Amino acid sequence: MNKRNTSSSRPLVIVESPNKVSTISKILGDGFTVKASYGHFADIPAKRGSIDTAKNFTATYVLSKKGQEIIDMLRDELATASELILATDGDREGEMIAFLLVEFLQPTVPVSRIVFNSITRIEVLAALDDRKQIRPTLVEAARTRRYLDYLYGFSVSPVLWSKVRGNLGAGRVQSPALRMVVEREKERLAFVETTYCGIEATLAIDAQVVATLRTIDTVPVAKSDDIDDAGSVAPPAQLLLLPDAQQLAAALQETSLTVANSKTEAYSRKPRRPYTTSDLLQDIYSRLKIGASLAQVVMNQLHEKGLISYPRTDSPALSGVAMAAARQQAIEMFGATCVPDKPRLYFPKRKSAQEAHEAIRPSNLSLRHPKGLSAQQAAVYDMVWRRTVASQMVNTTGTTVTVTLHANTTHPEHWCVLTASGTTIVEPGHRRLYSTPEDEEPTPLAEFTVGDVYAVSAVEVKEHVTRPPARYTEASLIRALEAQEIGRPSTYAPIIQSLRDEYVWSKRGDQALIPTLTGVAVQQFLAECFPSLIDYTFTREMEEELDSIVEGTATLVDMLSKFYSRGDGHWPGLVSVIDDVEKSYKPADHDVLVIGVHPETGDPIVLKPGRSFAGKKSVRGTRSRPSRTSGSPYIKCGSRNVAVPDNTELSQLTVEFALTLLNTPTEARIVGEHNGEEVSVKVGPYGPYATVGSRSVSLPADTDIATVSLADIQPLLTFPRSLGVDPVSGDEVFVKRGRYGIYVERAGDTRPVPAETDPTTVTLEVALELLARPKKARGKR
DNA sequence: CAGTGAGCGAGCTTCCGCTTGACTT
């Protein structure tokens, strides 16, 4: 419809995002057609064997369904175009997309590649005058990254299926992320709480000056920083305990404090850098308590409305235009002295082929309060606006005074040193617009004269208890991953989502990430069998090698054969490592956790991950299939097994907890009648089961015998069931429940009942239809 | 401390990194 290019053909410009199309169209005018590729439209297939590892790691990129439509659309546009200009993002992935566009479009017109880092008239037009070609080494690096991730994930995950449990995944990004969450949980478990005291003395003067006790006879009084998670105190500091503290406080009350030193220092704080994706996710969480997925959605919405720049970036850099606009806004609000002489420049941490975008900032800085936004959108926009403008303002400056006071106490006799400090802000600078809860309004303190003596008006003993390291939140985990350069801005939110599928959970109304028992089991397994794959430096080292490929000093085959087959000095190669694990790792010999020893039998009480099961398990239990008979993690003691919910905290797994589970339900409990027969439930050596008359029926492993009702289990009691006789063959047709779930059977021929079909509604017609299908179901896509 | 039900079929799961949709009210 919008084909007005009948008279003369125009260049076709392709960008990644449709959101860029209209802006760039406006800049380029009628002489160009601008279209979007919508990101990666092709990929190697997500199934086994997509990479031919025997043949120099060759693989074929295939269009996705949506990708096919996009390529068709672009091919139509190209048919009438005078030339093809590839304007995908200026990073490694963008180069790959440009390369794949050429591969799939097979253009017959001239092709060139342009790169601009921000969509401004100057940059876009300059890029058009600086035509380049696709860089083959950059494409090779992108391809290597893609293949390595595939080889890692699709080789290690199957080992999890055979050694831990089915349906689990491992990968270069998710596995170190899981490691962080699990190790933090174990640090919390190993944490030893320490109680310690501090003493605060208030000086008897008009101003409220509170001095803190620092040393007793030159020995530093331990602060929280001096005490580690095991409760050890870093020398020379020593813990001040309550009885001593009270005695000393009483003695201090009787003494006076002499000023030994008064020091004045300049105080200066730079503004925070403009937002990267990770910074903004972190800040949205701490200010608005919104998790990563929703936060990313709100950021996207603001971007789609044209209000903020591209929301997935790891660069804090601002374009020259944006810096000038931010300075202008600051000057209008606070006058010319509120910005430094020159604009403040911010640089990405890692200068590489990876940063294609600038920081997240308002598209139009003169727009202070856009109309028509939801409360969340408005709040996020306001944060972005403040942080961007503040980033160009002068430092917050002032003076910090620290005064040192001496006291000699009697009963007990000690020489005590106390300090007090305070800061006076002279120039608020950037804090007028943006401050964090940590930069609390400082309390000022006047200077003191050495030798002056003050009486003490009050002495207070403050008792403190050390806190275990905090669990990660979505935002802090993302920050930790980013600090290790693991993962990319476009994947931060999805990573959290995929962890939540199996490996982590949170309590209601809380964002703290707690590992599931399955998550703990997988981390243990990976740490034992594949430690170098979950090393936090793995990705960084990968990136360095990819840089060598870009520079032309290494190749895809070098790097992948080293990783996968050939190995190097320290690493025997993934294939060989996996072979060893498959041969030598016996799950029965490995426990997730040794909980303790049974006080009477002396049998060890251990946690096991649970083995193969049919159907996917959800931690929240919304979709647990009734057919599942095993799979939940379980506690093992002697010959007894008892299931524990996957979302049990490690700290709950004590001997007492295990014993209550192991001891409680050995007796059958009658829950009602089914077809006139009494139904009772019980836990046996193979897990929970129901008895109906003389028949017994296994129940899902996480069934709680004490609370389960007849209604909960009644559907399971209907199997096996005769559906009638097949009118064609005359054979009786059954629906049965077996190890792998519900299935239908006719004369020894079987078909599984699909998970989405309610097995209680299976009729003869349904069964015959299933049996008519070919035996080997072809997996769709 | 320990004799606690019964057991028929085997296909599939998985990676990371780019992008936006589209069910309805």
Side-chain angles (χ1 to χ4, degrees), chain A residues 15-20 36-44 46-48 50-51 64 66-67 70 88-89 91-94 96-97 100 142 145-162 165-175 300 303-304 310 312 354 356 486-492 494-495 498 501-502 539 598 600-603 612-616 629 638-640 666-668 680 682-692 694-699 720 736-745 748-752 755 775-779:
Chain A
V15 295
E16 284 181 40
S17 160
N19 285 314
K20 290 180 177 177
S37 80
Y38 291 80
H40 275 300
F41 49 84
D43 194 7
I44 56 178
K47 56 176 198 223
R48 274 187 56 172
S50 288
I51 296 177
S64 63
K66 182 107 191 291
I70 291 158
T88 49
D89 292 351
D91 56 11
R92 205 165 57 207
E93 300 294 329
M96 187 61 169
I97 292 172
L100 290 170
R145 197 282 307 159
R146 179 67 191 94
Y147 292 7
L148 185 140
D149 283 334
Y150 173 95
L151 291 172
Y152 183 143
F154 278 65
S155 305
V156 178
S157 300
V159 187
L160 292 180
W161 307 340
S162 72
R165 214 200 64 195
N167 290 345
L168 301 174
R172 175 177 57 81
V173 173
Q174 63 166 278
S175 295
N300 290 349
H303 176 61
E304 281 161 23
Y310 194 72
R312 291 180 287 272
Q354 289 230 67
I486 298 170
R488 304 285 310 142
S490 68
T491 62
Y492 291 144
I495 288 165
S498 86
D501 284 346
E502 287 287 1
T539 291
H598 195 289
E600 288 157 26
T601 63
D603 286 326
S612 62
F613 66 83
K616 200 137 174 108
T629 56
S639 65
R640 287 222 46 204
T666 40
E667 277 157 38
S680 62
K682 202 178 172 189
V683 173
Y686 316 119
Y689 67 101
T691 309
V692 189
S694 60
R695 211 156 56 91
S696 63
V697 176
S698 287
L699 300 175
K736 295 185 174 181
R737 180 163 165 262
R739 277 186 295 173
Y740 309 117
I742 310 295
Y743 64 101
V744 293
E745 186 192 272
D749 192 20
T750 64
R751 295 289 185 284
K775 182 83 177 160
K776 200 173 180 179
R778 284 181 61 237

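Values in this document were obtained by computation on a predicted structure and should not be read as measured data. By convention in this document, chain letters (A, B, ...) are assigned in the order of the sequence lines, proteins followed by strands, and residues within each chain are numbered from 1.
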Chemist: Do any N or O atoms of the protein come closer than 3.5 Å to N or O atoms of nucleotides 20-24 of chain B, and which pairs are they?
Modeler:
from   : atom 1 : to       : atom 2 : distance (Å)
B:dT20 : OP1    : A:Ser17  : OG     : 2.6
B:dT20 : OP1    : A:Asn19  : ND2    : 2.8
B:dT20 : OP2    : A:Arg312 : NH2    : 2.9

Chemist: How many Å lie between NZ on A:Lys736 and P on B:dC8, as a whole number?
Modeler: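 Atom-to-atom, A:Lys736 to B:dC8, this comes out as 7 Å.
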Chemist: Could you tell me whether the phosphate oxygens of B:dC18, OP1 or OP2, come under 4.0 Å of any side-chain nitrogen or oxygen in A:Ser490?
Modeler: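 It does, given that an N or O in the side chain of A:Ser490 lies less than 4.0 Å from OP1 or OP2 of B:dC18.
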Chemist: Are any of A:Arg488's side-chain N or O atoms less than 4.0 Å away from OP1 or OP2 of B:dC18?
Modeler: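 The answer is yes; a side-chain N or O of A:Arg488 sits under 4.0 Å from OP1 or OP2.
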Chemist: Given the structure, check if the side chain of A:Arg145 and the base of B:dC16 hold any donor-acceptor pair shorter than 3.5 Å.
Modeler: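 Flag set: donor-acceptor pair detected.
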Chemist: Measure from the side-chain heavy atoms of A:Arg48 and tell me the nearest of B:dC1, B:dC18, B:dT14.
Modeler: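 For A:Arg48, the side-chain atoms sit closest to B:dT14.
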Chemist: Please report the distance, rounded to the nearest Å, between CG in A:Asp91 and P in B:dC18.
Modeler: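 Rounding to the nearest Å, CG of A:Asp91 and P of B:dC18 are 6 Å apart.
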Chemist: Closest approach to the side chain of A:Asn167, judged atom by atom: which nucleotide of B:dC1, B:dC15, B:dT13 is it?
Modeler: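 Nearest to the side-chain atoms of A:Asn167, counting from C-beta on, is B:dT13.
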Chemist: What is the distance from CG of A:Leu151 to P of B:dG17, rounded to the nearest Å?
Modeler: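 After rounding, the gap between these two atoms is 15 Å.
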Chemist: Find the distance A:Ile495:CD1 to B:dC16:C1' and express it as a whole number of Å.
Modeler: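 Result: 8 Å.
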Chemist: Which part of the nucleic acid, if any, lies within contact of A:Ala170, taking any heavy atom under 4.0 Å across all strands shown: a base, the sugar-phosphate backbone alone, or nothing?
Modeler: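 The residue A:Ala170 makes sugar-phosphate contact but no base contact.
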Chemist: Among all residues two or more places apart in sequence or in another chain, which pass the side chain to side chain contact (heavy atoms under 4.5 Å, CB included) test with A:Val173?
Modeler: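 Expected list: A:Ile486, A:Ile495.
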Chemist: Is there side-chain contact between A:Ile51 and A:Phe154, with heavy atoms separated by less than 4.5 Å?
Modeler: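 Of all side-chain heavy-atom pairs linking A:Phe154 with A:Ile51, none is under 4.5 Å.
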Chemist: With sugar-phosphate meaning primed atoms plus P, OP1 and OP2, does A:Gly171 contact a base, only sugar-phosphate, or nothing at under 4.0 Å between heavy atoms?
Modeler: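 Sugar-phosphate, backbone atoms only, no base.
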Chemist: Mind calculating the distance between CG (A:Asp43) and C1' (B:dC15) to the nearest angstrom?
Modeler: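 Value for this atom pair: 10 Å.
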Chemist: Pick the nucleotide of DNA chain B nearest each of A:Leu168 and A:Pro489; which residue has the one closer to the 5' end?
Modeler: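 Upstream on the strand: A:Leu168.
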Chemist: Nearest heavy atom decides the nucleotide; on that basis, is A:Thr691 or A:Phe154 closer to the 5' end of DNA chain B?
Modeler: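 Looking at the nearest nucleotide for each, A:Thr691 comes out on the 5' side.
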Chemist: Evaluate the side-chain proximity of A:Leu100 to A:Phe41: yes if any heavy-atom separation is below 4.5 Å, no if none is.
Modeler: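 Heavy-atom side-chain distance check passes, below 4.5 Å.
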Chemist: Do we count A:Tyr689 as stacking onto B:dA6 if the rule is ring centres under 5.5 Å and planes under 30°?
Modeler: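 Taking the rule of under 5.5 Å and under 30°, the ring of A:Tyr689 does not stack on B:dA6.
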Chemist: Is any side-chain N or O of A:Thr491 closer than 4.0 Å to OP1 or OP2 of B:dG17?
Modeler: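 A:Thr491 to B:dG17 OP1/OP2: side-chain N or O found under 4.0 Å.
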Chemist: Run the side chain to side chain donor-acceptor pair (under 3.5 Å) test against A:His303 and tell me which residues pass, sequence neighbours left out.
Modeler: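 A:His303 satisfies side chain to side chain donor-acceptor pair (under 3.5 Å) with no residue once adjacent residues are dropped.
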Chemist: Which nucleotide sits closest to the side chain of A:His40: B:dG9, B:dC18, B:dC15?
Modeler: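 The answer is B:dC18, which lies nearest to the side chain.
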Chemist: Is the shortest side-chain heavy-atom distance between A:Thr88 and A:Glu93 below 4.5 Å?
Modeler: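 Sidechains of A:Glu93 and A:Thr88: no contact.
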Chemist: Would you say that A:Arg146 contacts A:Arg92 through its side chain, given a criterion of any heavy-atom pair below 4.5 Å between the two side chains?
Modeler: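 SC-SC contact between A:Arg146 and A:Arg92 ruled out.
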Chemist: Within the structure, does a side-chain N or O atom of A:Arg172 lie under 4.0 Å from either OP1 or OP2 of B:dG17?
Modeler: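 Yes, such a contact exists.
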Chemist: Does A:Lys20 form a salt bridge (charged side-chain N to carboxylate O under 4.0 Å, His left out) with A:Asp89? I'd like the steps, not just the answer.
Modeler: CA-CA 11 Å; A:Lys20 290 180 177 177; A:Asp89 292 351; 2.7 Å; yes
Chemist: Answer with base, sugar-phosphate or nothing: what part of the nucleic acid does A:Gly39 contact at a heavy-atom distance below 4.0 Å?
Modeler: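 Touches a base.
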Chemist: Please identify each residue that fulfils salt bridge (charged side-chain N to carboxylate O under 4.0 Å, His left out) with A:Asp149, with sequence neighbours left out.
Modeler: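 Applying salt bridge (charged side-chain N to carboxylate O under 4.0 Å, His left out) to A:Asp149 gives A:Arg145, A:Arg172.
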Chemist: Could you tell me whether A:Tyr152 contacts a base, only the sugar-phosphate backbone, or nothing, with contacts defined as non-hydrogen atoms closer than 4.0 Å?
Modeler: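 Contact class for A:Tyr152: none.
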Chemist: Scan A:Gly487 against the nucleic acid and name what it touches under 4.0 Å (heavy atoms): base, sugar-phosphate only, or nothing.
Modeler: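 Since only primed, P, OP1 and OP2 atoms lie under 4.0 Å of A:Gly487, the category is sugar-phosphate.
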Chemist: Answer yes or no: side-chain N or O of A:Arg146 and base N or O of B:dC15 forming a donor-acceptor pair under 3.5 Å.
Modeler: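 Checked by distance alone, the answer is yes.
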Chemist: In whole angstrom, give the distance that lies between atom NZ of A:Lys682 and atom P of B:dG3.
Modeler: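 Whole-Å distance recorded here is 14 Å.
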Chemist: Compare all side-chain heavy atoms of A:Ile97 with those of A:His40 and state whether any distance is below 4.5 angstrom.
Modeler: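 Counting from C-beta outward, A:Ile97 and A:His40 do come under 4.5 Å.
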Chemist: Using whole Å, report how far CD1 of A:Ile51 lies from P of B:dC16.
Modeler: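 Roughly 14 Å, once rounded to whole Å.
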Chemist: Could you tell me whether A:Lys682 sits above the aromatic face of A:Tyr689, with NZ or CZ closer than 6.0 angstrom to the six-membered ring centre and within 45 degrees of the axis?
Modeler: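 Geometry flag: not set, cation outside 6.0 Å or 45°.
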Chemist: Please list every stem that involves DNA chain B, where a stem is a run of 3 or more consecutive Watson-Crick or G-U wobble pairs with both pairing distances under 3.5 Å.
Modeler: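 Correct response: none, since no qualifying run exists.
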Chemist: Could you list the residues that satisfy side chain to side chain contact (heavy atoms under 4.5 Å, CB included) with A:Tyr743, not counting sequence neighbours?
Modeler: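 Expected list: A:Lys736, A:Glu745, A:Thr750.
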Chemist: Starting from P on B:dG11, measure out to NZ on A:Lys47 and report it in whole angstrom.
Modeler: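 Nearest whole value for this atom pair: 18 Å.
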